[in-house]
Novice: 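After the structure tokens below, expect a handful of questions from me.
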Amino acid sequence: MAKLDSKIPAGKLEEKWTNHKFNMKLVNPANKRKYDVIVVGTGLAGASAAASLGELGYNVKAFTFHDSARRAHSIAAQGGINAAKNYRNDGDSVYRLFYDTVKGGDFRAREANVYRLAEVSNNIIDQCVGQGVPFAREYGGLLDNRSFGGALVSRTFYAKGQTGQQLLLGAYTAMNRQIKLGKVKLYTRREMLDLVVVDGAAKGIIVRNMLTGEIEKYSAHAVVLATGGYANVYFLSTSAMNCNATAIWRAHKKGAPFANPCYTQIHPTCLPIHGEGQSKLTLMSESLRNDGRIWVSKLKKDMRKPNDIPEEERDYYLERKYPTYGNLSPRDISSRAAKEAIDDGRGAQGQDAVYLDFKDAINRLGKKVIEERYGNLFEIYETITGDNPYESPMKIYPAPHYTMGGLWVDYNLMSTVQGLFVAGEANFSDHGANRLGASALMQGLADGYFIVPYTVGNYLAGDKPVMVKTDHPEFEKAKKNIEEMTAKLLSIKGNRTVDDIHKQLGRIMWNKVGMGRNEKGLKEAIEEIRKLREEFWKNVNVVGQSNDVNQCLERAGRLADYLELGELMALDALNRKESCGGHFREEYQTPEGEALRNDEEYAYVAAWEFAEAGKWNLNKEPLEFESVKLATRSYK
Amino acid sequence: MEHKKINLTLKVWRQQDANAKGKFADYKVSVSPDSSFLEMLDDINNDLEKKGMEPITFESDCREGICGTCGLVINGQPHGPIPRIATCQLHMRNFKEGDTIYVEPFRAKAFPIIKDLMVDRSAMDRIMEAGGFISVNTLSVPDGNSIPIPKEVASEAMDAASCIGCGACVAACKNASAMLFVSAKVSQFALLPQGQPERYIRVDEMVKAMDQYGFGNCSNTYACEAECPKGVSIKNIARMNRDYFMAKIK
Ligand SMILES: Cc1cc2nc3c(=O)[nH]c(=O)nc-3n(C[C@H](O)[C@H](O)[C@H](O)COP(=O)(O)OP(=O)(O)OC[C@H]3O[C@@H](n4cnc5c(N)ncnc54)[C@H](O)[C@@H]3O)c2cc1C
Ligand code: SF4
Ligand code: FES
């Protein structure tokens, strides 16, 4: 079994990272150009890592399945990015950001990692401003902030409703500069399909050239995966259409333990589903909850138009249940409260939706201010639904949005597979069982700019890994396996389309491994997913050729992985007999319906090791809390 | 709530690869007005796959109008008939029963067709690599608040920076010029204090790359601005021309 050594440095929480950096081995500057590093993924985490590693002098090979690095899913983040600058003088500090994140994650994250995240958060803002990211400013010319769910301070920096876009373009320009300087070589339209491991260390990757279908081999001294999250296992999620788990899943099958797969975040403010043909779900930024009030009718099956429902017949349920945080309660809590109201038959006009209302804010601040703050979001809403949110409340519904689980990594962001680093949403490291708003962008850039470049250097200088040539038998074997898998997929020629099977998987996941989970449902889910997986391999119809652009084949390969990952998510959820953050086991709740943690038995990271499809071994990394007292997470 | 479906005829450009001769193929569809344009194409593709036929190759990712991946010419207009949105944001409620809709790829010399509706827009990245950045190393920057930037300036830079790199401006232009796209980046940095040190080198390098990669000249027809899903303003082109002139006389 893999040994889980978190490698948390000794010493005081506040000094760990500084001391660790000081103790790291350094690569002689003249030798840096002798090292090759592969970075898979050029979203926030990957592009920032590639840029920084390039600046340091390593030879970086960066890969993305997109046609351009600027298209990574990070581009879609709207709301903002946290940092502990305390520019508002409202009592924020590195410690408070750290504390909020640990508490927000329901005490299921590693303290030392989270502290480091809070510590480097301030550097991120400086870095991005330096790159020309046009953050919102106040009239005095200084940086503006807003509040986000799960925090009582205003620490979120933003660029209109397009923060992710601007941060990604910042990282993209930094990487472009290194491309021009010859330090980063970018390979676009390449999908990583396997990790090559030699003697327990990552030595390279196998990719499919998505234009020619050719299976290519690339080797390096170390491999960084920054390939994003796996929320598309639900078919409908707020993730971009092409987000997938293939890179981390194939690495998992090559020995990298997968941690806390069941921790998924269901975001409370998304647009409701319009019908069967729905292809993805649209997020309405959580920042809307700064000024919007969430409510449903007090009456069941109330079909009246929202504006016809008088004040006294409205239930502002978040304000009622959580008076301190109100509409800014964390995501898991807000989503569950919406589900409760809908399960109670009080959904907006009988639909699976609740109201998000700006009437009071417009009355208080004027339409102009609201337009300035949320204008583009209101426009998006109207384009999609045909309704005008200045006039009647938005309808929103929870949707799968983010995956806290991911490949297990130690403090250096390295997997148990030596030389395999994992950054951004792809790893499990910082958000515990629930992520707070505006913290994913922070983590992606923290990992990429400020952590991985150091820890990769430490590995190269300390372990002195050798590079393996791509004609090594392990490369040949991995390539052959992928070619066989492709041939197999194309030969099935069954009766069901890839999307048809994916939608069925999505329904199983949403109904049984979604917002509320219980033993019976999870056991059923495991059985159903296994059957569906079998059906996939017998009855899917993958059309087209292998040596051509083939989007059907791309989707089929990704679905094959989801059909295994989905089972592991259910298994992990079944194993964790407690409720924490995004993982709500119906059997474990307080009389008021709040999540009931079990710190005695479950204060650990569940890191699953792959044995074969449908069989995993569980490794546990106990979580120790030295600075924070484990407490019931209350937002009342 | 499901609304009554509408019946349409689609004429979709199908082309096996860059060198093949393409042609329009007809598809009859019945679609919900709440569905998006791309969901309608998903639907057609699902039907084709069911019959073992190759789906229509088209690209999209975020489906929220921000990644710039999608981009179709719909009835002759890049991103379709509704101003200020990307193809993925177009909903079928904007069409009516019995309509015939032509669907084509973005066409420009610098954007070779890869397959069906999918084109290669990497030339735009080459321009960005040539100079679309501010040269700062990680950790070599001052505090974010050390340079106050007037709100209006920051917000003008933000407007320029909102370009999603979709290439509709190029597809709309009879000269296939990338001026709007390039000027958006040039302006963002020219407006900000951080961008000043490299201001003139940047514009020079980017314009050079633009010419090198096969984009045409600007003849001020403003078709680009009209089709830009983000409303990037042609004021940026004027600003870039000024800076380019300065770069040349410097
Ligand atoms: C709609 C939306 C809004 C959000 N808003 C916010 C917000 O306001 N604040 C916040 O903090 N967070 C937000 N998030 C979350 C945040 O955007 C993501 O968690 C974060 O951007 C992930 O960044 P990443 O670099 O880890 O991965 P991604 O940006 O997903 O990048 C993944 C990269 O990996 C590549 N890749 C993946 N697999 C392969 C493969 N097999 N082969 C080759 N390349 C591969 C992709 O091409 C891409 O380049 C939001 C998320 C969504 C969905
Ligand atoms: S300027 Fe507008 S049309 Fe041109 S690439 Fe940018 S967003 Fe697209
Ligand atoms: S798919 Fe991203 S802009 Fe249309």
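Because the structure is a prediction, the values reported are computed rather than measured. Order of the sequence lines fixes the chain letters, A, B, ..., with proteins taken first and strands second; residue numbering starts at 1 for each chain.
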Novice: By a 4.5 Å heavy-atom criterion (distance strictly below it), what part of Thr385(A) contacts chain B: side chain, backbone, both, or neither?
Specialist: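 For Thr385(A), the contact with chain B is made by the backbone alone.
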Novice: So for Leu142(A), is it side chain, backbone, both, or neither that comes closer than 4.5 Å to the heavy atoms of chain B?
Specialist: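 Contact with chain B: backbone and side chain both.
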Novice: Before giving the answer on side chain to side chain contact (heavy atoms under 4.5 Å, CB included), spell out for Lys51(B) and Thr497(A) the whole-Å C-alpha distance, their side-chain angles and the decisive distance to 0.1 Å.
Specialist: CA-CA 9 Å; Lys51(B) 295 183 204 140; Thr497(A) 62; over 6 Å; no
Novice: So, do Arg189(A) and Ile114(B) sit near enough that their side-chain heavy atoms are less than 4.5 Å apart?
Specialist: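 Touching, per the 4.5 Å side-chain cut-off.
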Novice: Using only non-hydrogen atoms and a strict under-4.5 angstrom cutoff, which residues of residues 88-95 of chain B touch chain A?
Specialist: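 Residues in range: Gln89(B), His91(B), Arg93(B).
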Novice: What part of Thr238(A) lies closer than 4.5 angstrom to a heavy atom of chain B: side chain, backbone, both or neither?
Specialist: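 The backbone, not the side chain.
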Novice: Name the region of Leu445(A), side chain, backbone, both or neither, that has any atom closer than 4.5 Å to a heavy atom of chain B.
Specialist: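 Nothing of Leu445(A), per the 4.5 Å heavy-atom cut-off to chain B.
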Novice: Please name all residues satisfying salt bridge (Lys or Arg N to Asp or Glu O under 4.0 Å) with Asp43(B), sequence neighbours left out, ordered by chain then number.
Specialist: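 Checked Asp43(B) against salt bridge (Lys or Arg N to Asp or Glu O under 4.0 Å); zero matches.
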Novice: Using non-hydrogen atoms and a 4.5 Å limit, figure out which bit of Phe135(A) sits close to chain B: side chain, backbone, both or neither.
Specialist: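 Contact with chain B is through the backbone of Phe135(A) alone.
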Novice: Less than 4.5 Å to any heavy atom of chain B: does that hold for the side chain of Glu55(A), its backbone, both, or neither?
Specialist: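 Looking at Glu55(A), just its side chain touches chain B.
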Novice: Which atoms of Ser135(B) are under 4.5 Å from chain A, going by heavy atoms: the side chain, the backbone, both sets, or neither?
Specialist: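 Contact with chain A is through both the backbone and side chain of Ser135(B).
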Novice: Is a donor from one side chain sitting under 3.5 angstrom from an acceptor on the other, for Asn176(A) and Arg126(B)?
Specialist: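 The criterion, which ignores hydrogens and geometry beyond distance, is not satisfied for Arg126(B) and Asn176(A).
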Novice: Looking at Arg137(A) and Glu152(B), is there a salt bridge between them, counting it only when a charged N and a carboxylate O are closer than 4.0 Å?
Specialist: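 No, no charged N to carboxylate O under 4.0 Å.
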Novice: What parts of residues 58-71 of chain B touch chain A if we use heavy atoms and a cut-off under 4.5 Å?
Specialist: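 Phe58(B), Glu59(B), Ser60(B), Asp61(B), Cys62(B), Arg63(B), Glu64(B), Ile66(B), Cys67(B), Gly68(B), Thr69(B) fall under the 4.5 Å cut-off.
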Novice: Checking Asp548(A) against chain B: side chain, backbone, both or neither under 4.5 Å from a heavy atom?
Specialist: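 Looking at Asp548(A), just its side chain touches chain B.
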Novice: So, Asp500(A) and Lys50(B), do they make that salt bridge, N to O below 4.0 Å?
Specialist: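 No salt bridge links Asp500(A) with Lys50(B).
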Novice: Assess the side chains of Asn45(B) and Gln551(A): does a donor N or O sit below 3.5 Å from an acceptor N or O?
Specialist: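 There is no such pair between these side chains.
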Novice: Suppose the criterion is salt bridge (Lys or Arg N to Asp or Glu O under 4.0 Å): which pairs have a residue in residues 124-135 of chain A, not counting sequence neighbours?
Specialist: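 Matches after skipping sequence neighbours: Lys85(A)-Asp126(A).
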